[in-house]
Amino acid sequence: MNKRSVTTIIAFGTLMVGLVMFITYEMYQSNSNSEPEVDYVIGVSQPNLQEPWQILMNEELREEASKHPNLRVIYTDAAQSTQQQIDDINTLKGYDIDLLIVSVEDSIEMTPVISNVYNEIPVIVLGRGVEGYNYTLYIGTDHYLIGEMAAEATKKLLGDQGGKVVEVQGLTSAVQAEERSRGFREKINQTKNIKIVNTVVANWQRDKAEDKLKALLKNSHEKPDLIYAHNDAMALGVYRALQSLDFGQIKIIGSDGVDKPNGGLQLVKQKKIDTTFITPTGGKQAIQYAIRILAEDTEIPKKIILRNHEVSSQNVDDFYLKKNVLNNHSKNDEKVTLGFAQVGSESAWRTANTDSIIKAAERENVNLLIKNANNNQAKQIEIIRGFIQQGVDVIGFSPMVEHGWEEVLQEAKDAGIPVILSDREIKVKDDSLWTSFIGSDFVEEGRRAAQWVVDQMKSSKDSVNIIELEGTKNSAPATDRKQGFKEVLKNHHNLQIIDSLSGDFTLGKGKEMMEKALQQFGNDIDIVYAHNDDMAIGAIEAIENYGLRPGSDIKIISIDATNKAFKALSTGKLNFTVECNPLLGPQIMQAAKELKKGKEIPMKIITSEETFTQEEAKKEMKKRNY
Ligand code: AHR
């Protein structure tokens with residue numbers, strides 16, 4: 001090989017090596033520069049980005065979204081205009097978003113808009129609710145409860161001598177303003193020495209509250225003792241009005257508790273207002289659930305209600321301390337021990353519920369101690385006491401009835417053991433005795449059952465006689481299902497409940513009570529409304545024995561939607577069933593694990609539920625395995 005050829009080979013080799021290096025570098029560059037692949041586009045429609053609370057919500061959404069490179073989020077700000085918010089949503093739809101997160105300005109006007117979007121894509125309603133249930137998920141707080149808490153704070157601040165109160169309301173067409181006002185007024189009206197002497201509407205805005213308050217107080221002879229504003233922005237407006245008028249000594253309550261300049265927490269700390277209620281925005285949870293919804297997770301609840309915390313000058317410093325502790329929750333993954341006091345084994349629903357809890361505990365590696373109270377409250381209390389003595393990490397129970405839990409729950413609280421209410425709520429004065437409720441909206445189930453009756457009977461002018469088979473006396477499902485049913489029926493005077501009998505949620509008792517009703521009313525019965533499937537099945541047996549045809553001579557509606565009901569629907573003996581989801585195990589385990597880590601969990605997780613006609617049941621029957 002001559003010298004020239006060697007030089008050529010070396011030059012060629014060098015060129016090739018250079019080329020390979022260049023291509024590799026380019027590939028590396030294009031990989032490292034390339035945008036991550038976008039799997040989902042989410043649209044966020046904000047009503048305004050002026051209020052500190054709404055700004056905080058947006059920051060939380062952004063922070064959580066930034067953890068997911070496969071998400072693209074488009075944000076809009078309606079600047080307090082409902083028409084602008086409607087336009088924003090149309091623009092977002094034009095971008096082909098996969099899911100909409102919306103916090104509304106005006107609940108009434110936005111309800112049909114959201115309903116239309118929900119027909120096409122999933123919608124998360126955040127912080128500020130709409131009417132009805134036409135959305136995928138609502139995340140927010142209980143605004144009626146905030147109103148009640150404000151009334152309690154008013155009583156504390158005014159003491160025995162009471163006084164005069166002015167209420168500064170948010171937008172009147174917003175569900176949350178209406179609920180806060182109702183909760184506040186209903187509690188205040190029960191007191192003798194506190195009077196609401198004036199109401200001002202300031203649309204959530206600081207400046208409007210300031211101007212309106214100045215105008216009111218200048219012309220009024222009655223100096224109020226306390227002013228309750230539906231949010232902190234307006235509470236600050238109230239403070240400024242009082243300062244400029246040189247009115248001292250008037251207490252101010254706000255709501256939101258944002259820890260930012262001009263946010264409620266800092267206003268309390270600076271003693272500009274007396275009390276606020278920390279109202280979580282749910283921004284973080286909205287993104288987390290959006291991802292689960294888009295990934296077609298089937299266990300998405302209908303409502304997540306976040307807990308409020310009262311902060312006043314008494315506890316503001318403690319609150320900052322506690323906040324730090326909560327933010328530094330333990331990272332250890334120690335196995336959690338959950339003591340679960342099941343109410344009984346009265347129904348097919350309950351069997352499915354117990355099964356779901358046991359299976360989820362195995363799957364989630366939770367040490368589950370489960371005991372059955374056989375539908376006896378004293379026994380259930382004894383079981384809970386046993387768990388407290390054993391020192392379990394978390395207690396769960398499905399309360400047999402609504403009342404009578406204060407003492408034992410106080411013992412759990414004193415022992416530092418958080419309590420999860422499973423499927424049934426309770427009525428206690430102090431809501432801090434329990435941490436979280438996971439279950440259904442029983443009132444809504446009752447409404448849905450009644451709506452079916454109304455729709456079926458709309459052409460009938462004759463009176464329609466209904467027998468109600470109630471669940472366990474004083475239990476939440478019996479009380480609430482009755483309430484929801486009556487609420488819808490009250491505008492239809494020909495639909496009458498001629499008797500309500502307690503069948504205790506069991507097939508045997510349901511049958512016995514139906515026999516009794518048939519003896520008394522015989523052929524005059526048109527409809528049976530059973531609070532659960534088991535009692536409906538019992539009623540079917542009684543009706544057949546009586547010689548009538550269930551499903552045609554007497555129509556029957558029930559609640560639960562278990563396999564038993566689906567079979568009865570498919571043979572035409574049952575007419576309609578409203579779903580009540582018993583598969584609560586996975587959510588209970590997740591809550592128990594988070595509590596063990598010291599995390600704050602939602603106050604209520606309300607499951608998503610459907611209704612089934614005879615035709616729908618035939619299609620769905622195979623999928624229902626309980
Ligand atoms: O608490 C839920 C109710 O309890 C179910 O609807 C009923 O079947 C039951 O046993």
Side-chain angles (χ1 to χ4, degrees), residues 301-302 340-357 370 372-377 379-380 396-403 405 420-427 434 437-449 468-485 501-511 513 528-540 556-568 574 576-585 587-588 604-612 624 626:
K302 194 71 193 176
F340 195 90
Q342 182 58 290
V343 59
S345 35
E346 70 283 359
S347 62
W349 188 99
R350 187 63 58 198
T351 309
N353 177 248
T354 307
D355 228 50
S356 162
I357 292 167
I370 184 163
N372 192 325
N374 296 322
N375 276 297
N376 177 330
Q377 186 180 22
K379 176 107 194 276
Q380 202 167 24
F397 79 116
S398 170
M400 186 190 159
V401 287
E402 288 182 293
H403 294 276
W405 303 102
I420 299 171
L421 305 177
S422 167
D423 90 87
R424 295 181 179 183
E425 294 199 63
I426 55 172
K427 294 227 154 61
W434 53 273
F437 163 74
I438 300 171
S440 315
D441 182 343
F442 294 139
V443 178
E444 179 62 17
E445 290 172 351
R447 287 191 201 113
R448 289 178 180 182
E468 181 182 30
L469 295 178
E470 294 179 7
T472 306
K473 270 211 167 337
N474 304 321
S475 68
T479 311
D480 293 353
R481 286 171 186 170
K482 187 181 191 71
Q483 182 195 321
F485 195 79
L501 302 150
S502 176
D504 217 6
F505 285 130
T506 67
L507 190 152
K509 260 306 206 48
K511 185 174 174 182
M513 290 303 121
V528 172
Y529 165 44
H531 286 189
N532 83 342
D533 291 343
D534 293 70
M535 293 189 296
I537 306 294
I540 289 173
I556 308 173
I557 328 143
S558 69
I559 296 180
D560 276 357
T562 56
N563 221 323
K564 279 186 182 182
F566 277 29
K567 279 192 193 128
L574 182 69
F576 188 67
T577 189
V578 179
E579 186 178 32
C580 176
N581 189 350
L583 308 180
L584 307 178
Q587 319 235 37
I588 294 173
K604 293 186 187 179
I605 299 175
I606 311 292
T607 46
S608 180
E609 290 162 349
E610 295 177 39
T611 57
F612 297 92
R624 180 98 344 178
Y626 56 86

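FYI, side chains are in, hydrogens and waters are out, and symmetry mates aren't considered; it's all heavy atoms of this structure. In listed order, ligands and their atoms are each counted from 1. Nothing fancy with the numbering, it's 1 onward along the sequence.
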Check your understanding: How far apart are the closest heavy atoms of Met400 and Asn376, and which atoms are they?
Key -> SD-N, 3.6 Å

Exercise for review: State the atoms of ligand 1, each with its element, that fall below the 4.0 Å cut-off from a heavy-atom position in Glu346.
Suggested key: 4 (O), 9 (C), 10 (O)

Exercise for review: Have a look at Asp533, Asn353, Asp423, Asp560 and point out the one with the heavy atom closest to atom 6 (O) of ligand 1.
Suggested key: Asp560

Review point. Is the centre of the Trp405 ring less than 6.0 Å from the centre of the Phe397 ring?
Key: yes

Point to revise | salt bridge (charged side-chain N to carboxylate O under 4.0 Å, His left out) evaluation trace for Glu445 with Arg448 | key: CA-CA 5 Å; Glu445 290 172 351; Arg448 289 178 180 182; over 6 Å; no

Review point. In ligand 1, which numbered atoms sit nearer than 4.0 Å to a non-hydrogen atom of Pro477?
Key: 1 (O)

Practice item. Using a strict cut-off of less than 4.0 Å between a Lys/Arg side-chain nitrogen and an Asp/Glu carboxylate oxygen, indicate whether Lys302 and Glu444 qualify as a salt bridge. Key: no

Exercise for review: Before signing off on this row, confirm whether Arg424 and ligand 1 have an N or O atom pair separated by under 3.5 Å.
Suggested key: yes

Point to revise | ligand 1-proximal atoms of Arg481, by part, heavy-atom distance under 4.0 Å | key: side chain

Revision key, fill the gap. Of Asp423, Asp355, Asp560, the one forming a salt bridge (charged side-chain N to carboxylate O under 4.0 Å, His left out) with Arg350 is Asp423

Review point. If we only count N/O pairs under 3.5 Å, is Ser347 in contact with ligand 1?
Key: yes

Point to revise | Arg350 neighbourhood, listing ligand 1 atoms whose heavy-atom distance to it stays under 4.0 Å | key: 1 (O), 2 (C), 4 (O), 9 (C)

Review point. Using 4.0 Å as the upper bound for N to carboxylate O, is an ion pair formed by Arg481 and Glu468?
Key: no

